[in-house]
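See below for the structure under consideration.
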Amino acid sequence: MRRVTYSMSVSLDGYIAGPDGRFDWTAPDEEVFRLATDEVRALGAHLLGRRLYETMLYWETADQNPSLDFSTREFAALWKRLPKVVFSTTLSAVEGNARLASGTLSEEVERLRAEPGEGDIAIGGAALAAEAAASDLIDEYRARVYPVLLGGGIPFFPRHERRVDLELVESRTLSSHVVYLRHRVAR
């Protein structure tokens, strides 16, 4: 069965964006960017909330810019081909290889898991990930932990009163002092 993953850059104190909504502290070096590219390469679908979808629209055309280096164009090409499902109550249309969700998050995950194909199903966006976690849909949490304290903002981990036991699957410290942690939900 296809795994549902939640992967984001996160501050040491657990936030994906600061109190001001900024995430400029997550600018990846080449090693972190390669890690993100490898994650996208392994995906079969990506589920996004509206804000993350709008942020990622840049990548729909970035591969056409010859002034960008190969790794950036490679990520853009992978992202562009990746099937995406956007959850929004305000958008009436989406661009590229994306479609608006026609069902609930649980229904969309069930539909994608039942389809033939390979690759993980990624959840993107804090609100959507919180909903997925509350519905026990997430199989793996993947965090790129940056050495910065933000003191508040949008949390990586959803705030709900439910214990979730995790098993460490992988950890590594990158040359930029970013720590990559991959945990599987213990079921």
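Nothing fancy with the numbering, it's 1 onward along the sequence. Predicted, not measured: the structure shown is a model, and the values here were computed from it.
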Between D29 and S176, a side-chain donor and acceptor under 3.5 Å:
yes
Can you check whether F33 reaches T72 side chain to side chain, under 4.5 Å on heavy atoms?
yes
Keeping the roles fixed (side chain from D13, backbone from L149), state whether a donor-acceptor pair exists under 3.5 Å.
no
Reported CE-to-CD1 distance for the pair M8 and I16, which is rounded to 0.5 angstrom:
3.5 Å
Atom pair CD (E74) and CG (D69), whose distance is rounded to the nearest 0.5 Å
10.0 Å
Any donor and acceptor pair, going by atom type alone, linking the side chain of Y53 with main-chain N or O of L48 inside 3.5 Å?
no
State plainly whether one hydrophobic cluster holds both W79 and V86, where clusters connect Ile, Leu, Val, Met, Phe, Trp and Tyr through side-chain heavy atoms under 4.5 angstrom apart.
yes
Any link between V179 and L166 through a network of hydrophobic side chains (Ile, Leu, Val, Met, Phe, Trp, Tyr) touching at under 4.5 Å?
yes
In terms of heavy-atom contacts, G49 and L128 come closest through N-CD2, 3.7 Å
Considering non-hydrogen atoms only, spot the tightest contact between Y146 and P28 and give its length.
OH-CA, 4.0 Å
Taking side chain as C-beta onward, heavy atoms only, is R162 less than 4.5 Å from D136?
yes
Which heavy atom in A143 sits nearest to a heavy atom in F156, and how many Å separate them?
CB-CZ, 4.2 Å
Are V178 and L35 packed together at the side-chain level, in the sense that at least one heavy-atom pair is separated by less than 4.5 angstrom?
no
Any chance CD of E110 has more than 12 other-residue heavy atoms, nucleotides or ligands included, within less than 6.0 Å?
no
Which atom names give the shortest non-hydrogen contact between G151 and Y15, and what distance separates them?
C-CE1, 4.2 Å
Nearest heavy atoms of L47 and V109, plus distance in Å
CD1-CG2, 3.7 Å
Has R51 got more than 12 heavy atoms of other residues, nucleotides or ligands less than 6.0 Å from its CZ?
no
When hydrophobic residues are tied together by side-chain contacts of less than 4.5 Å, even through go-betweens, does M56 share a cluster with Y58?
yes
Verify same cluster id: V10, L12 (apolar side-chain graph, 4.5 Å)
yes
Does a side-chain heavy-atom distance below 4.5 Å link W59 with K80?
no
In sequence, state the C-alpha distance, the side-chain angles, and the governing distance for E54 and R50, and then conclude on salt bridge (charged side-chain N to carboxylate O under 4.0 Å, His left out).
CA-CA 6 Å; E54 289 175 340; R50 179 194 52 83; 2.7 Å; yes
Please say yes or no: joined through hydrophobic side-chain contacts below 4.5 Å, possibly via intermediate residues, are F75 and L57 part of one cluster?
yes
Mind telling me whether F157 and Y141 have parallel, tilted or perpendicular rings, with 30° and 60° as the class edges?
tilted
Test your reading of the model: is there a side-chain donor-acceptor pair from R2 to the backbone of R113, 3.5 Å cut-off?
no
Do D120 and R142 have side chains that get closer than 4.5 Å, going by heavy atoms?
yes
For R22, I'd like to know if atom CZ has over 12 heavy atoms of other residues, nucleotides or ligands within 6.0 Å.
no
With rounding to the nearest 0.5 Å, note down the distance linking CZ in R182 to CD in E167.
11.5 Å
Would you say CD of E30 has more than 12 non-hydrogen atoms from neighbouring residues, nucleotides or ligands within 6.0 angstrom?
no
Under the criterion side chain to side chain contact (heavy atoms under 4.5 Å, CB included), I'd like the reasoning laid out for V85 against R99: C-alpha separation, chi angles, the key distance, then a yes or no.
CA-CA 5 Å; V85 180; R99 66 174 174 84; 3.6 Å; yes
Atom pair CZ (F23) and CG (L150), whose distance is rounded to the nearest 0.5 Å:
12.5 Å
One pair to check against side chain to side chain contact (heavy atoms under 4.5 Å, CB included): I123 and L105. What are the steps and the verdict?
CA-CA 10 Å; I123 300 279; L105 179 57; 4.1 Å; yes
Is a donor on one side and an acceptor on the other found under 3.5 Å between the side chain of R3 and the backbone of R184?
no
Show your working on side chain to side chain contact (heavy atoms under 4.5 Å, CB included) between L174 and H177 and close with a plain yes or no.
CA-CA 5 Å; L174 307 177; H177 305 290; over 6 Å; no
Side-chain donor/acceptor of E108 to backbone N/O of S102, under 3.5 Å:
yes
If you measure from CG on N97 to CD on E60, what distance do you get to the nearest 0.5 Å?
7.5 Å
Without hydrogens or angle criteria, can the side chains of R144 and S7 be said to hold a donor-acceptor pair below 3.5 Å?
yes
Hey, what do you get for OG1 (T173) to CD (E31), rounding to the nearest 0.5 Å?
9.5 Å
Check against side chain to side chain contact (heavy atoms under 4.5 Å, CB included), D139 and M1
CA-CA 11 Å; D139 300 306; M1 182 180 333; over 6 Å; no
For G44 and L82, the nearest pair of non-hydrogen atoms, with its separation, is C-CD1, 3.9 Å
